[in-house]
Each structure stands twice: as structure tokens, then as C-alpha cells.
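Quick caveat: nothing in here was measured; it's all calculated off a predicted structure. Each chain gets a letter, A, B and so on, in the order its sequence line appears, and its residues count up from 1.
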Amino acid sequence: MNETIERILPRVQKPGRYTGGEYNSIVKPRGKSDVGFAFCFPDTYEIGMSNLGMQILYGVINGMDGFFCERVFAPWPDMESEIRRAGLELWSLETQTPLKDFDIVGFSLSYELSYTNVLNMLDLGGICLRSSERDSLHGIVIAGGTCAYNPEPLADFIDIFSIGEGEEALPELLRAYRDAKTAGLSKQEFLRIASGIDGMYVPSLYDVKYAPDGRVASITARSPAPAVVKKRIVQDLNRSYFPQNPIVPSTEIVHDRANIELFRGCIRACRFCQAGYTYRPVRSKSPEVLAQQAEAVLKSSGWQELGLSSLSTSDYTALSGLCDRLLDFCVPRSTSLALPSLRTDNFSIELMEKIQKVRRSGLTFAPEAGTQRLRDVINKNVTEEDLLSTLQIAFRGGWSSVKLYFMIGLPTETDEDVLGIADLAHKALKVWKEHATNRGRGARITVSVSCFIPKPCTPFQWEAQCSMEEFERKQALLRGALRSRAVTLSWHDAAASRLEGVFARGDRKLGQVIYDAWSHGAKLDGWNEYFDYDNWMRSFERCGADPDFYAARQRDTDEILPWSVVSCGVDTGYLLSEREAAYRGEITPDCRKACTGCGAASLLEGRDCDEPA
Amino acid sequence: MSRLEFAKSGKAACISHLDLMRTMSRSFLRAGFLLRHSEGFNPHASISVALPLPLGHESDCELMDFKLKEAVASDEIVVRLNRVLPEGLTALRVTESSRPFREIEYLRHRVELKYDGGTPAGAADTLTELFGSDDITVYRKTKKSEGDFNIAPCIKEKSFSPLPDGIRCEAVLTAMRPMLSPIYLIAAVERYAPALSPSFVRYRRIEILDGSMRRFE
């Protein structure tokens with residue numbers, strides 16, 4: 001570690017975030033012509049290191065001959081001012097190499113409110129922000145992750161977006177980069193080659209024209225870029241790379257545990273859920289592979305908690321048997337299981353006993369809406385009876401606190417639906433009163449209410465988002481209806497949700513707003529203490545952009561959507577039919593009951609969607 | 001009860017006490033050793049570290065007590081731990097010790113005062129004189145109290161020697177009754193000899209001592 005950095009560390013909070021040196025982190029000996037990849041996560045170390053995708057791609061790239069991958073995270077403002085004052089450049093944790101010295105800089109985009117962090121990290125790393133200002137092949141800036149399903153708001157800053165799963169796509173892109181570097185190609189020549197790789201979207205090769213009212217009039221791909229970029233997927237999860245030797249942070253992170261991934265995709269079709277559509281088709285890992293990977297990752301990391309991750313863990317067909325196998329290994333090591341995504345319609349006493357074998361973690365369920373009518377509209381497909389009987393099992397089993405997640409501002413929502421949330425919380429409390437085995441500790445029902453944000457690639461991608469005032473009115477309505485002290489209400493900030501709504505369905509014109517807001521100090525917008533809504537509104541005004549045009553406007557179904565240049569494999573016609581079903585309050589069965597032909601199965605080669613694990 | 005002596009330096013100096021406990025119990029598991037766990041609602045490994053080291057300070061002599069579920073030779077514990085510890089943590093030796101941590105009386109510290117503009121002339125002499133006084137009062141804040149505090153009685157030994165870019169101070173300070181952090185040596189410099197205020201300071205624990213100034217193990 002150089003002495004300038006060493007001197008800064010005692011002055012900043014949580015200095016361990018900036019040093020690297022964690023167990024299993026990789027410092028590769030470098031050959032002269034090796035290609036360096038900076039894996040950037042546009043949020044703090046504690047958040048970024050909790051991301052399984054990062055651990056996967058870090059291992060994949062470092063496993064490639066001739067390539068090395070190092071990590072970079074967004075510094076907290078105390079560190080940022082130290083970096084700027086000392087005239088340093090944001091560095092990688094592994095070797096303290098400035099960001100600008102890497103061949104490729106890649107960002108993982110998990111949520112829209114991290115966009116200003118992308119700009120800030122580039123700036124701190126000594127890299128020009130706009131793609132058009134960067135002429136050299138060296139320092140290509142790429143991005144992937146969930147937000148890449150609408151890449152347009154960041155199109156000015158990112159050279160290449162990788163759409164979909166990166167395990168195979170990223171190595172392909174990196175090899176093409178190395179060939180281009182060896183051949184001495186220009187950046188422009190490389191970008192054209194990259195646009196020919198499946199799943200790669202090169203925004204500078206697309207001309208977007210706008211109608212006078214601001215809507216997209218046309219998107220034209222320039223040869224050889226494809227008209228629509230289809231996402232990449234891994235065909236066989238059993239054989240795809242899994243990080244058995246993950247980096248184990250020496251300082252506490254948000255999800256401080258080992259993770260195995262049971263399956264990708266989701267058999268449910270909750271109409272608000274972007275992940276539910278974009279991660280299709282459903283592909284499971286076999287219990288044998290999972291048990292082997294779990295053992296390996298626990299042995300290699302020493303973590304004493306194992307997360308069984310997926311979009312809906314209780315939908316894994318072999319879950320019960322898998323848990324038994326895992327517990328045989330975990331119990332003697334005092335290692336507990338964490339099942340973060342459980343549904344109320346298939347939670348059992350048996351499963352409950354398994355997950356509390358070593359230590360009891362919290363229980364969280366997501367009814368999402370307060371009335372059956374609205375749950376049918378969003379196709380959540382759980383009933384009040386499901387929830388209450390699940391809670392009965394949990395309370396009888398000794399749990400006394402439970403978290404319930406809801407959304408407000410869903411399409412067709414009425415005040416009755418909002419009040420239904422309070423009603424459901426009170427019914428949950430009643431179940432506790434009747435069935436609690438542990439009354440002395442009191443009940444704690446946490447009702448967490450977020451603001452619905454229409455997202456691309458979902459049946460609600462055409463909907464108007466609730467106004468901020470309306471969100472706040474609904475929040476107040478709910479607050480007034482919750483009377484018990486045992487029920488705690490927490491809610492998401494309406495202003496932040498509105499901004500997220502703007503960028504989720506934004507177009508390229510928002511690039512200048514992001515730039516302007518960043519240059520006026522916006523950063524860490526996902527953190528309450530730094531989110532400054534008024535600053536953002538001033539930027540919209542300066543740039544002549546109207547946030548309501550993006551968030552609060554219902555789109556016509558024939559409008560050219562900015563993100564129509566990428567495809568997650570689900571047909572737009574299918575999304576439209578789901579939208580119509582939502583308005584009729586009709587539910588769509590899960591994929592195991594009947595295939596409803598969303599189109600994502602066409603991404604599979606020589607296999608079926610949701611083949612038995 | 002077994003006792004691990006370990007060093008904590010470089011990047012590991014930025015691991016806080018709580019994080020160190022987690023890192024250690026994970027490292028034992030990685031090395032293939034099962035630690036005994038407490039019973040109860042939220043079982044945790046029964047390990048305890050003597051005299052938590054302040055964040056950012058280095059040490060050659062940290063002590064941690066632990067119990068394994070099965071007996072393992074001391075040397076093997078050291079070898080296998082060193083394969084799985086993060087950068088900056090080094091297992092030095094494992095002993096079976098019955099002496100409780102409360103018999104620790106002193107800590108030997110090495111404090112390096114760095115001067116960017118060159119070491120001021122006569123610094124070592126001035127510091128020797130300053131710390132020879134029997135009244136060295138600084139503002140001290142602990143969990144229980146804050147206010148002026150005379151650190152002189154807590155300084156058992158001290159010596160100052162020049163380095164190419166600063167001064168090296170070796171000092172034996174009380175460790176328990178009361179615990180005097182070496183940061184108060186610098187606070188004293190800043191108060192009594194502000195011209196000698198360093199640009200940067202490195203702190204390192206060298207040795208743990210008992211009441212007879214013998215090495216505590």
C-alpha cells in the first residue's frame with residue numbers, strides 16, 4: 001500500500017473498505033500484454049461485495065489466461081474528499097491501480113439511483129465521462145446488470161452494454177478486445193466488432209430520433225449492429241462457473257454469507273416484477289451440484305450462513321431434500337441456512353423447522369397488495385388464507401416477529417386496497433394473539449411499503465407511475481389506519497421512487513440531466529443522507545426535461561419505447577396480453593401449471609424451460 | 001483453553017475488533033478446525049481477544065483464547081491458520097495457558113513520528129525531556145469519563161531515537177489499570193511541544209507484559 005493512501009486511511013470511516021487483501025482476493029502476476037479489467041460496483045463496498053454476480057464474474061475473468069480482474073467501489077464522501085484533496089485517482093483494491101490504467105472498466109448496474117455514482121467513479125478514476133470524449137481503445141467503459149435492460153439513460157457514458165447473463169458473454173467480449181489490442185485497432189473498429197457479439201449493445205451505433213413531443217420517433221441501427229440486441233443466457237447452470245472460492249470480506253458487509261444459486265428465472269409471473277421476466281427461462285441446478293458447491297464454498301470461506309438464493313426459493317422442486325443434505329454438513333459447523341425469498345403458499349412446518357435448526361433468522365413475506373382483487377391484478381397469486389396460515393405456523397413455531405412487504409401505487413389501486421394493507425397487518429396480529437407460543441416477547445409485525453415503479457420488460461411498462469403527492473397521500477392514509485403499537489410501518493421515500501421511475505423508463509436525453517445533476521453534487525442517491533431531490537429538479541429544469549414525461553405518462557401501446565432496442569426474450573405481445581389480463585383481474589397460472597408461451601423458451605438450445613432439477 | 005498469539009499489520013490494521021472476531025472464527029473453519037460454540041438462541045464461537053487493538057494500529061503480540069472441539073497439535077494450528085488468514089494477519093504460536101488476561105499489566109509500544117519537512121533539530125532530546133516530567137496532562141476521553149488526565153504515572157519506560165524521516169519512540173504503558181492508549185503520547189507532544197507535532201504517526205504493539213515486566217503469554 002502506498003504511503004499516501006496509508007496516511008488517508010486513519011481519517012476515514014471504515015477504512016477496511018479501501019485496502020483489499022481479503023481472503024481469496026486475487027492478485028494475478030501480470031504479463032506485459034495482459035488485459036486488465038476493473039470491475040466497478042457503483043455503490044459502497046458493503047453493498048457491492050454482497051453481490052453474487054460480482055463474485056461470479058471476478059472468478060470467471062481471473063480464470064482466463066492473459067486477463068486479470070480487480071475491484072473498484074464507490075468511495076464514501078469522506079474518502080472522496082481525501083482522494084480529491086491528495087490529487088489521487090480512484091484505485092482498485094487488489095493492487096491500488098488507478099482506474100484509468102485499466103484496459104476495460106466495467107460497471108454492474110443494479111439500480112437506477114446509482115447512475116451518478118458511475119459518473120463520479122469515472123471522474124475520480126481519471127476517465128473522461130462521455131463516450132464521445134474517449135478516443136482510445138484503452139479505457140473502454142462497459143456496463144451490464146439489471147438496469148442494462150434500459151441502457152438509454154447512460155448511453156452517453158457507456159461504450160458497450162452487455163445484455164443478460166455475463167458468464168459467457170463477457171469472456172467473448174474480452175477476447176475480442178485482446179485481439180483488437182494486439183492488432184492495433186481503433187476504438188471505433190473495436191466497437192463495430194463488439195456490436196457483432198451476441199448480447200452486446202453499442203449505443204453509439206444507433207441513431208435515435210425524437211418526435212416534437214419528445215417521444216422516440218425512430219431508432220436506427222448502423223451496420224453491422226443488429227436492430228434488436230437479444231440478451232445472453234447460460235444454457236446449463238450445472239456446468240456454468242460457480243465461485244467456490246469467493247472473496248471473504250474482513251469487514252462486515254450487508255449480506256455477509258455464502259450463497260448458492262438454486263435456479264434462475266421464476267415460474268411465477270408477478271406482473272410488476274422486472275426480474276421475473278428478464279431472468280427467464282427457468283433453469284435449475286441439480287441438488288447434487290448444489291450440495292457439492294455449498295460444501296465447497298462453506299469450506300473455502302468459513303462463512304457460517306448459507307444463503308439459498310433465487311427469485312422464489314420455495315419454488316425449487318427439490319428444496320426439502322436439498323435442505324436435509326445441507327443441514328447434515330451445516331449443523332456440525334454451526335452454520336445456518338438463510339432462505340430469503342419464500343412464498344406464503346408453499347411454506348411448511350417442515351421447512352420452518354429446517355431453517356431454524358442452527359439459529360433463527362427473520363421471516364419475510366411479500367403479499368405485495370392488501371386485497372385479493374389487487375393481488376389478482378398483479379398476478380401475485382397468494383391468498384389471505386395462505387398468508388394467515390403461514391403466519392400461524394411461524395408463530396406456533398416460536399417466531400414473534402415477521403416482516404411483510406407491500407407496494408402502493410399499483411395499477412388500478414383504490415383507497416380500499418391501501419387500507420387492505422392495514423387490515424391484513426391487523427389480521428396477522430390477531431393470528432399472533434391466538435397462536436403465539438412465546439407471548440412474553442410481544443409481537444412485532446413490520447409492514448414495509450414501497451412505491452410501485454413501472455419497469456421495462458414487464459406488462460406494466462406502459463403504465464403511468466403515481467405522482468409523488470399521491471404516494472404521500474396513500475402513505476398518510478395507511479399510517480392513519482394502523483393503530484396497533486405491535487405493527488411498525490416503514491416506507492420508501494416517494495421522491496426517490498419517482499426519480500427511479502424516471503430513469504427506469506428514460507431515454508438518451510436524460511444523459512445530460514444525469515451529467516448536470518452529478519456536476520452539481522448529486523451522488524449516492526440511493527442513500528437518504530445524500531439524496532437531494534431539489535437538486536435533481538433544478539437539473540431537469542436547466543436541461544429542459546420534464547420528469548413527468550418519463551414517470552407519470554401512460555404510453556400508447558404503439559409508442560416506440562426507448563428500450564425496445566434490447567430484448568429479454570419475452571415477446572412484447574405477451575406482455576400486452578398480460579397487461580390486458582391485469583385489467584380484467586385475471587390471473588395467469590405459474591409456468592409449472594401451464595406454459596403460457598412468453599417466448600423466453602426460444603433462448604434455450606436443445607432443452608426445455610424448467611427441466612426437472 | 002488454548003491461546004493464539006498473532007500479528008496484525010499492514011492491510012489488516014484496518015480490521016476492527018468485531019470484524020477481527022468474525023474473521024478469526026471464519027479462518028478457523030477454513031483451516032478445518034471446529035471451534036466450540038456458546039449455547040443458546042444465537043450460538044457464536046467462544047473466542048476472546050485480550051485488549052482490543054485500536055483501528056489502524058499494528059501489533060506483533062495479539063492474544064486470542066479459543067477452544068477447539070477436538071485437540072490439535074499447536075504447531076499444526078499455526079501452520080494451517082497461516083494458509084487461510086487474510087493479508088496482514090499472521091499466526092505466531094499457540095500455547096496452553098492458564099494465566100488470565102487480567103494479569104496483564106503493561107504494553108510495550110513502538111510509535112513512529114514522521115515529519116514531512118524533515119525531523120526538527122533536537123527532537124529526540126526535547127521529547128526525552130518532555131516525557132521525563134511527572135506531570136503530563138492531556139485531555140482524555142474514555143467510555144466512562146472525559147477530562148484532563150495526567151499520563152505520567154502510566155508511562156513505565158520510554159526512549160526516543162532518530163529515524164531517517166522522524167523519531168521512533170518505544171514506550172511501556174499501563175494496559176489495564178488504567179489502559180493508556182499510545183495516542184496520548186502524541187496528544188502530549190501536540191500540547192507541550194507543538195513544534196514537534198508529527199505529520200503522520202504509526203503505532204505498533206511490540207510486547208505484552210505482566211506486573212513483573214516479564215512477557216505475558
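Within residues 83-94 of chain B, the residues approaching chain A closer than 4.5 Å by heavy atoms are, in numerical order, B/Arg83, B/Val84, B/Leu85, B/Pro86, B/Glu87.
B/Phe101 and B/Phe216 have tilted rings, their planes meeting at an angle from 30° to 60° on a 0 to 90° scale. Between A/Tyr45 and A/Phe73, the two ring planes are perpendicular [angle over 60°; tilted spans 30° to 60°].
Heavy-atom distances place both the backbone and the side chain of A/Asp256 under 4.5 Å from chain B. For chain B, the nearby part of A/Glu3 is the side chain; its heavy atoms alone come within less than 4.5 Å. Of the two parts of A/Leu93, only the backbone, made up of N, CA, C and O, holds a non-hydrogen atom closer than 4.5 Å to a non-hydrogen atom of chain B. For A/Pro15, the parts lying near chain B are the backbone and the side chain together; criterion is any non-hydrogen pair under 4.5 Å. For chain B, the nearby part of A/Ser301 is the backbone; its heavy atoms alone come within less than 4.5 Å. Both the backbone and the side chain of A/Thr251 come within contact range of chain B, with heavy atoms under 4.5 Å apart.
Salt-bridge check for A/Glu46 with A/Arg17: passed, with a basic side-chain N closer than 4.0 Å to an acidic carboxylate O. Under a 4.0 Å N-O distance rule, the pair B/Glu62/B/Arg205 qualifies as a salt bridge. Taking a cutoff of 4.0 Å between a charged side-chain nitrogen and a carboxylate oxygen, B/Asp19 and B/Arg26 do not qualify as a salt bridge. Classification of B/Glu157 and B/Arg108 as a salt-bridged pair holds, one side-chain N sitting under 4.0 Å from a carboxylate O. In this structure, A/Arg71 pairs ionically with A/Glu94, as a charged nitrogen and a carboxylate oxygen lie closer than 4.0 Å. A salt bridge is defined here as a Lys NZ or Arg NE, NH1 or NH2 lying under 4.0 Å from an Asp or Glu carboxylate O, and A/Arg11 with A/Asp78 fails to meet this definition.
Aromatic ring centroids of B/Phe66 and B/Phe28 lie under 6.0 Å apart.
Contact tally against chain B (heavy-atom pairs below 4.5 Å) for A/Pro249, A/Gly302, A/Gly20, A/Ser25: the top residue is A/Gly302. Chain A forms more heavy-atom pairs under 4.5 Å with one residue of B/Leu35, B/Leu29, B/Val201 than with any other, namely B/Leu29. Each of A/Arg7, A/Arg333, A/Glu252, A/Glu22 has some count of heavy-atom pairs under 4.5 Å with chain B, and the biggest count is that of A/Arg7. For the options A/Gly21, A/Pro332, A/Ser300, heavy-atom pairs under 4.5 Å to chain B are most numerous at A/Gly21. Between chain A and the residues B/Lys114, B/Lys69, B/His37, the largest count of heavy-atom pairs under 4.5 Å involves B/His37.
Judged by the 6.0 Å and 45° rule, B/Arg30 forms a cation-pi pair with A/Tyr23. By the 6.0 Å and 45° rule, B/Arg140 stacks over the aromatic ring of B/Phe149.
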